[in-house]
Number of protein chains: 2
Amino acid sequence: MIFGLGASAEGSRSALQLPLVRRVREPYRGRWALPGGPLGATESLADAARRNLFETTGLAPRYLEQLYTFGAVERSPDERVVSIVYWALVRADEADQARTTENVRWMPADDLPPLAFDHDEIVAYALGRLRGKVEYSPIAHALLGEEFTLAELRDVYEAVLRRALDPANFRRQIEASGTVEPTGRFLAGGRHRPPRLYRSRVAP
Amino acid sequence: MIFGLGASAEGSRSALQLPLVRRVREPYRGRWALPGGPLGATESLADAARRNLFETTGLAPRYLEQLYTFGAVERSPDERVVSIVYWALVRADEADQARTTENVRWMPADDLPPLAFDHDEIVAYALGRLRGKVEYSPIAHALLGEEFTLAELRDVYEAVLRRALDPANFRRQIEASGTVEPTGRFLAGGRHRPPRLYRSRVAP
DNA sequence: GCAAAAGTGTTAAAAGTACACCCATGG
DNA sequence: CCATGGGTGTACTTTTAACACTTTTGC
């Protein structure tokens, strides 16, 4: 499962989006589902997740992490299926390269149609984890490009947490965390004071 | 994998322990390993974990949670094995009922012999998760019995976190969290003021 | 100049920390 | 009465939150 940022319904703010694939076979033919696929005998779990994501969406995310393993007996009507789910975050520039075809489409994470299998639950679980993790881990950076302003970063946090954050306090908290550093460059073009640009500085 | 409390090397304090099984077959014959077993076609992942724990150790833990799924290609020398690892916490009274045989033994979690497969890594990962989770979740209660004193609870926290906690502040934090409630009874027998007994009050 | 967002300063509330000190029991 | 841990009080520090205010750009 991949999360990325897109324009929200109103337009001004960002919102979480994720790519879905339309099922062309039974069961759940015609429904939307999370991208996925089989585990090869000679590849690690993470490698298999990367490969399946790339084959279905054309994306090669930088951030990839195991989410949870779902194995209820009745998940699939036919046979027993155990899904080891990974989730990924893609940067804005990466998401632009993503394929959008008849059977692959990005949709807003908080307003999805009913999905195939138990994929609704999986998305809900992933959203909860993302909301929890963004509070203590610098993963929000993974949704932005190489350079970004603090307002853009704050916009990511607000999209994930679904609440407004105080710009002044947000700035101080991020600066104190040491997870970003200024590039020395500024972003011109807005009709206001040009904001400083930062880059992510992940601890080595 | 099961965590429980036992007497520490010094004796006065508690320490985390976990039951291991000695392998009677190749590979890693004679080495100690985590209890585990196959997943049946008609049981959920959690059910399978419970069943395997019970069959090897005789324990039926109340707290059980999925830890992580390990699937590196070279985990097992022979065939590809994917392990969906669950971890459990048992209360002191439950742990007493556990079988201890020639091939099943409780050992201190922070001083284990080299284990079979990648089980050293799995234990290390679980310990890290336990230490992280105890700070924001009332998980430590699951290691104690029905009634317990705040000193016993603090002892659990100290065993997990491996550092001393201020008794006065610990009391206030736990009481403010609302996760315990006094039973009205007291524990007599110590040669000091009898401490109040509490029970766990997990949010419904 | 004005609107808008960047960025700084200040203050109050809340949470966390350290430690002094009284309480109740067994021996 | 004394040692021991239970339990309370309090002062101090750090963190978090709220919001006023100054700065710099486009138009």
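A note on names: the letters A, B, ... follow the listed sequences, proteins ahead of strands, and every chain is numbered from 1.
The distance between atom CZ of Arg191(B) and atom P of dG26(C), rounded to the nearest whole Å, is 12 Å. With rounding to whole Å, His192(A) atom NE2 is found 10 Å from dG7(C) atom P. At whole-Å resolution of the value, CG in Asn169(A) and C1' in dA13(C) are 13 Å apart. In this structure, Leu187(A) places its CG atom 17 Å from P of dT24(D), rounding to the nearest Å. Residue Phe170(A) contributes atom CZ, which lies 17 Å from atom C1' of dT15(D) at whole-angstrom precision. Atom CZ in Arg185(A) sits roughly 17 Å away from atom C1' in dT25(D) (whole-Å rounding). Regarding Arg154(B), its CZ atom lies at a distance of 11 Å from the P atom of dG7(D), rounded to whole Å. Nucleotide dG6(D) holds its P atom 12 Å from the CG atom of Leu197(B), rounded to whole Å.
The residue among Tyr198(B) and Gly190(A) whose nearest nucleotide of DNA chain D is located toward the 5' end is Tyr198(B). If Pro195(A) and Asp166(A) are placed on DNA chain C by their nearest nucleotide, the residue sitting closer to the 5' end is Pro195(A).
A heavy-atom distance below 4.0 Å to DNA chain D is reached by these residues of residues 171-180 of chain A, ordered by number: Arg172(A), Gln173(A). Contacts between residues 132-152 of chain A and DNA chain C, defined by a heavy-atom separation under 4.0 Å, are made by Ala151(A).
Ion pairing between Arg50(A) and Glu43(A) fails under the 4.0 Å rule for side-chain N and carboxylate O.
Contact annotation: the side chain of Val160(B) approaches that of Arg131(B) to within less than 4.5 Å [non-hydrogen atoms, C-beta and beyond]. Counting heavy atoms from C-beta outward, Val180(A) and Arg199(A) have side chains that stay 4.5 Å or more apart. Side-chain contact check for Leu187(B) versus Pro194(B): every heavy-atom pair is 4.5 Å or farther apart. Contact annotation: the side chain of Leu20(B) never approaches that of Val104(B) to less than 4.5 Å [non-hydrogen atoms, C-beta and beyond]. Within the 4.5 Å cutoff, no side-chain heavy atoms of Val85(A) are placed close to those of Tyr68(A).
Here the nucleotide nearest the side chain of Ala168(B), chosen from dT25(C), dC19(D), dC19(C), is dC19(C). Nearest nucleotide to the side chain of Pro194(B), out of dT25(D), dG6(D), dA24(C): dA24(C).
Classification of the Phe70(B)-Tyr125(B) ring pair by plane angle, with boundaries at 30° and 60°, yields perpendicular.
The aromatic ring centres of Phe148(B) and Tyr198(B) sit 6.0 Å or more apart.
The base of dT23(D) sits with one of its N or O atoms less than 3.5 Å from a complementary donor or acceptor on the side chain of Arg193(A).
One finds no side-chain N or O of Arg196(B) lying less than 4.0 angstrom from the OP1 or OP2 phosphate oxygen of dC23(C).
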Working for side-chain hydrogen bond (donor to acceptor under 3.5 Å, both in side chains), residues Arg75(A) and Ser83(A) = CA-CA 10 Å; Arg75(A) 291 186 64 230; Ser83(A) 295; 2.9 Å; yes
